[in-house]
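Numbers for residues simply follow the sequence, beginning at 1.
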Amino acid sequence: MKRAAVASLSVILMLLAGCSQIEAIAPVGGDRLAEVRFAGFDVLVDEGVDIRTAPVCTDTDGTVACAGDTLDGTTIRITSTSDAPDALIVVVGDETLYDGSLHDVLEKAMAGR
């Protein structure tokens with residue numbers, strides 16, 4: 001009986017460790033577009049934004065722009081320009097939710113995992 005419980009616990013711990021390792025790799029394993037997208041999503045989740053259409057991102061000469069919308073149809077915009085690649089701006093409707101360092105958002109997300 002004890003052996004079965006220990007074995008079950010071991011399997012659960014291995015699965016949990018594997019999941020957190022995979023989650024931790026995601027923001028680090030991408031290009032600039034992926035970094036902006038991940039950071040923007042982190043801000044939206046932290047702010048409790050209800051997303052209907054997940055922002056789709058494009059990279060035009062180093063400027064990443066993402067657009068989506070909330071459940072009530074409000075526009076979501078995430079941007080990071082080539083002139084200031086560490087700057088991230090997340091806007092929902094007319095409200096700026098975040099205007100600051102892209103890497104600070106990614107590091108905060110990594111620390112929370």
Side-chain angles (χ1 to χ4, degrees):
M1 185 81 169
K2 279 186 176 181
R3 246 187 206 167
V6 170
S8 295
L9 182 60
S10 296
V11 169
I12 290 170
L13 290 175
M14 287 189 318
L15 289 173
L16 289 174
C19 290
S20 63
Q21 288 173 358
I22 290 170
E23 288 174 4
I25 291 171
V28 180
D31 57 7
R32 176 161 159 65
L33 186 139
E35 287 181 338
V36 171
R37 186 169 189 263
F38 284 125
F41 284 11
D42 285 342
V43 170
L44 294 171
V45 168
D46 286 349
E47 293 294 326
V49 175
D50 293 322
I51 300 169
R52 176 174 56 188
T53 306
V56 175
C57 303
T58 57
D59 184 342
T60 306
D61 297 325
T63 293
V64 177
C66 311
D69 63 5
T70 65
L71 285 179
D72 66 2
T74 305
T75 302
I76 297 170
R77 293 182 320 272
I78 302 167
T79 56
S80 180
T81 66
S82 60
D83 294 338
D86 187 46
L88 175 72
I89 301 170
V90 180
V91 178
V92 176
D94 293 330
E95 182 182 357
T96 300
L97 299 183
Y98 184 82
D99 185 351
S101 169
L102 165 74
H103 291 99
D104 284 354
V105 174
L106 293 174
E107 288 176 15
K108 178 182 172 191
M110 291 299 294
R113 293 199 172 155

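- Side chain of Ser80 to main chain of Pro85: a donor-acceptor pair is present (N/O by atom type, distance under 3.5 Å, no hydrogens or angles).
- Counting only heavy atoms from C-beta outward, the side chains of Glu107 and Ser101 never approach each other to under 4.5 Å.
- Here Cys57 contributes atom SG and Arg32 contributes atom CZ; the two are 11.0 Å apart, rounded to the nearest 0.5 Å.
- A distance-only check finds no donor-acceptor pair linking the side chain of Thr75 to the backbone of Asp69 [under 3.5 Å].
- Atom CG of Asp86 has more than 12 neighbouring heavy atoms from other residues, nucleotides or ligands inside a 6.0 Å radius.
- Residues Thr81 and Asp83 bring no donor and acceptor atom of their side chains to less than 3.5 Å of each other.
- Here Arg37 contributes atom CZ and Asp31 contributes atom CG; the two are 11.0 Å apart, rounded to the nearest 0.5 Å.
- Closest of all the heavy-atom pairs between Leu33 and Thr58 is CD1-C, 3.7 Å.
- Screening Leu88, Ile89, Val91 against Tyr98 for a side chain to side chain contact (heavy atoms under 4.5 Å, CB included) leaves a single residue, Leu88.
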Margin query: Between Ser82 and Asp61, is the side chain to side chain contact (heavy atoms under 4.5 Å, CB included) condition met? List the steps.
Written below: CA-CA 7 Å; Ser82 60; Asp61 297 325; 5.8 Å; no
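- Closest of all the heavy-atom pairs between Gly40 and Ile78 is CA-CD1, 3.7 Å.
- Leu102 and Ala39 get closest at one heavy-atom pair: CD1-CB, 3.3 Å.
- Here OG1 of Thr96 is found 8.0 Å from CZ of Arg77. Values are rounded to the nearest 0.5 Å.
- Side-chain contact between Lys108 and Asp46 is present, with at least one heavy-atom pair separated by less than 4.5 Å.
- A distance of 9.5 Å separates CZ of Arg52 from CD1 of Ile76, quoted to the nearest 0.5 Å.
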